[in-house]
Asks: 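Sharing a structure with you now.
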2 protein chains.
Amino acid sequence: MPHFSVPSPMPRFSVPPELAKRPRGRPRKLPGTEAEGNRRQELMRVAARLFRQKGFEAVTTRDIAAAAGMHSGSPFYHFETKGVLLFAIIQAGMQAAIASQEAIVRTAPSSAVNTLRALVRHHYEVLLGPDSDFIPVMLYEGRSLSAEQQAAITELRKTYEAPWVPVLQTLAKEGALSADPDLARLMILGALNWSVQWFNPQGPASLSTLTDQALSLFLRTP
Amino acid sequence: MPHFSVPSPMPRFSVPPELAKRPRGRPRKLPGTEAEGNRRQELMRVAARLFRQKGFEAVTTRDIAAAAGMHSGSPFYHFETKGVLLFAIIQAGMQAAIASQEAIVRTAPSSAVNTLRALVRHHYEVLLGPDSDFIPVMLYEGRSLSAEQQAAITELRKTYEAPWVPVLQTLAKEGALSADPDLARLMILGALNWSVQWFNPQGPASLSTLTDQALSLFLRTP
DNA sequence: CCTACCGATCGGTAGG
DNA sequence: CCTACCGATCGGTAGG
């Protein structure tokens with residue numbers, strides 16, 4: 001007699017589909033079930049970190065589940081598909097970045113130069129600051145979204161970039177910026193976004209240094 | 001009697017491994033078998049286009065085979081693994097870019113500003129010109145390489161960026177560049193590399209326009 | 001380079 | 001959220 005009894009597998013009959021129907025999937029979120037929202041946000045946090053590190057396609061839903069301390073099927077309780085999870089991350093990241101940027105623009109508009117400085121500094125924070133994986137995921141994994149999802153994110157990007165437009169136009173008029181403001185915006189944001197590829201938080205350059213150097217590079221201050 | 005005879009499947013016996021051994025895989029390339037090199041390059045070309053469009057992980061070896069007009073197993077006659085194919089693309093792209101850049105630097109060194117202009121223009125060509133998928137694949141898919149492969153590519157990148165260093169140092173000394181030359185290099189290359197994300201060949205801006213605008217943005221020419 | 005295949009893995013799901 | 005599973009697909013391979 002073996003000490004451990006092997007659990008005899010229940011025979012699985014294939015259930016006729018018409019009898020198998022019953023409501024499934026995520027129940028509507030009840031107000032007050034805070035804990036569920038916490039698990040959802042935890043999933044987004046760990047998934048964003050993995051997506052940033054290895055890329056959306058290279059990360060499996062099992063990786064994500066394990067990183068969140070769940071079993072393999074459980075992420076699908078919170079997100080219908082892996083793609084919906086990616087979209088939730090990117091959308092939340094953009095909404096947060098838009099909100100914090102707006103707060104900054106509202107409180108620091110002494111001059112066009114200083115406004116640009118605040119925008120650049122904030123952008124670096126969003127890209128490179130602690131716990132900031134959502135925007136890098138948008139920048140480098142947005143391609144994996146569906147066309148409709150991409151269109152929605154494009155709208156958020158326009159909203160995010162909107163405050164940059166008048167500032168760069170003003171600087172061009174003042175002679176501090178010597179390029180077409182629209183192209184300058186694309187080039188400046190490109191220079192900043194690329195820092196995700198090489199920035200080392202343990203390195204010598206701080207976000208303040210990067211901001212100062214970027215302003216020096218792009219603007220001619222007399 | 002059915003009109004079409006169903007091919008009776010040959011029973012497949014599992015062959016004892018010690019009897020199944022015989023030389024397999026890519027035969028050594030004989031000198032003169034030009035056609036084989038052509039197929040290999042064609043595979044690299046179509047794979048690079050697909051990798052750029054959809055990302056390395058999202059492209060299957062079957063996609064690549066179909067795009068090259070082959071059957072699903074045939075790419076593995078030319079490349080041991082999908083990863084080796086990616087590495088071949090990136091390595092070839094870097095070697096070609098280093099060679100063409102060197103030719104440019106050798107023939108146009110009238111001044112530091114003009115040398116930078118030639119470097120920028122050449123870099124745009126490599127990123128956005130016709131049939132130029134290899135470098136964008138390096139920029140955005142290099143993460144899928146193994147650590148050793150990445151180290152090899154990093155060496156090639158250093159070689160590629162080497163001519164930029166003295167030019168930017170000279171411009172800084174001349175007062176035409178107002179930022180640390182090393183950070184400036186990272187930011188300028190970032191601004192250029194990001195153009196892969198938004199540049200539209202059918203749009204209004206030509207590569208010459210981009211080059212002029214970039215120089216105006218980064219340099220203060222009196 | 002084709003044919004025919006395999007083991008592993010993956011996103012996702014039924015049912016609880 | 002767990003258990004137990006499935007169909008599809010994927011990179012890769014033996015043999016020719």
Side-chain angles (χ1 to χ4, degrees), chain A residues 6-27 29-30 33 35-40 42-43 47 50-51 54-66 68-86 144 146, chain B residues 6-27 29-30 33 35-40 42-43 47 50-51 54-66 68-86 144 146:
Chain A
V6 177
S8 61
M10 285 296 245
R12 293 179 70 86
F13 307 104
S14 62
V15 179
E18 62 276 13
L19 294 182
K21 291 269 175 284
R22 81 165 159 155
R24 247 198 86 263
R26 259 188 311 160
K29 217 176 305 175
L30 300 174
T33 49
E36 184 174 311
N38 285 349
R39 297 306 290 154
R40 189 181 149 92
E42 170 73 359
L43 270 172
L50 290 170
F51 289 161
K54 318 204 300 170
F56 175 75
E57 297 279 356
V59 174
T60 71
T61 57
R62 282 163 174 80
D63 294 334
I64 298 166
M70 295 176 180
H71 285 238
S72 69
S74 301
F76 296 100
Y77 173 75
H78 296 280
F79 298 94
E80 288 99 319
T81 68
K82 192 186 171 192
V84 166
L85 170 56
L86 176 64
S144 295
S146 73
Chain B
V6 176
S8 61
M10 284 296 243
R12 293 178 70 86
F13 305 104
S14 61
V15 179
E18 61 278 13
L19 294 182
K21 290 270 175 286
R22 78 162 160 156
R24 248 199 86 261
R26 257 187 312 159
K29 216 176 303 173
L30 300 175
T33 50
E36 185 174 310
N38 285 347
R39 299 303 289 154
R40 188 180 150 91
E42 169 73 359
L43 270 172
L50 290 170
F51 289 160
K54 317 204 300 169
F56 175 75
E57 296 280 357
V59 174
T60 70
T61 57
R62 284 164 173 81
D63 294 335
I64 298 166
M70 295 175 180
H71 285 238
S72 70
S74 301
F76 295 99
Y77 173 74
H78 297 278
F79 298 94
E80 288 99 319
T81 67
K82 191 186 171 192
V84 167
L85 170 55
L86 175 65
S144 294
S146 73

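In what follows, chains are A, B, ... by sequence order, proteins preceding strands, each numbered from 1. Computed from heavy atoms alone, side chains included, the values below leave out hydrogens, waters and symmetry copies.
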Asks: If you check every side-chain atom of B/T81, which of D/dG12, C/dC1, D/dC1 has the closest atom?
Replies: D/dG12
Asks: Is there a donor-acceptor pair closer than 3.5 Å between any side-chain N or O of A/R40 and the backbone N or O of A/F79?
Replies: no
Asks: Roughly how many Å is it from NE2 in A/H78 to P in C/dG11, rounded to a whole number?
Replies: 17 Å
Asks: Taking atom P of D/dG11 as reference, at what distance in whole Å does atom CZ of B/F51 sit?
Replies: 9 Å
Asks: Between atom CE in A/M70 and atom C1' in C/dG11, what is the gap in whole Å?
Replies: 17 Å
Asks: So what does A/T60 touch, heavy atoms closer than 4.0 Å: a base, only the sugar-phosphate, or nothing?
Replies: sugar-phosphate
Asks: As a test of reading the structure: which of C/dG12, D/dG11, D/dC1 is closest to the side chain of B/R62, going by heavy atoms?
Replies: D/dG11
Asks: Let me know, please, whether A/D63 or A/S74 comes out on the 5' side of the other along DNA chain C by nearest nucleotide.
Replies: A/D63
Asks: Pick out which of A/H78, A/E42, A/R62 makes a side chain to side chain contact (heavy atoms under 4.5 Å, CB included) with A/M70.
Replies: A/H78
Asks: Measure the distance from NZ on A/K82 to P on C/dC10 and round it to the nearest whole Å.
Replies: 9 Å
Asks: Scan every strand shown for a Watson-Crick or G-U wobble partner of D/dG15, both distances under 3.5 Å, and answer none if you come up empty.
Replies: C/dC2
Asks: Could you tell me the separation between the CZ atom of B/F76 and the P atom of C/dC1, rounded to a whole number of Å?
Replies: 14 Å
Asks: Can you tell me the distance, in whole Å, between the CZ atom of B/F79 and the C1' atom of D/dT13?
Replies: 18 Å
Asks: Take A/L85 and A/T61, measure what side chain to side chain contact (heavy atoms under 4.5 Å, CB included) needs, and give me the verdict at the end.
Replies: CA-CA 10 Å; A/L85 170 56; A/T61 57; over 6 Å; no
Asks: Where is the tightest heavy-atom contact between A/S72 and A/A65, given as atom of each residue plus distance?
Replies: CA-CB, 4.0 Å
Asks: In whole Å, what is the span from the CD atom of B/E57 to the P atom of C/dT9?
Replies: 15 Å
Asks: What is the distance, rounded to the nearest whole Å, between atom CG of A/L85 and atom P of C/dG12?
Replies: 10 Å
Asks: Out of D/dC2, D/dC1, C/dC1, which nucleotide sits closest to the side chain of A/H71?
Replies: D/dC2
Asks: Tell me the closest heavy-atom pair linking B/L43 and B/P75, and the distance in Å.
Replies: CD1-CA, 4.1 Å
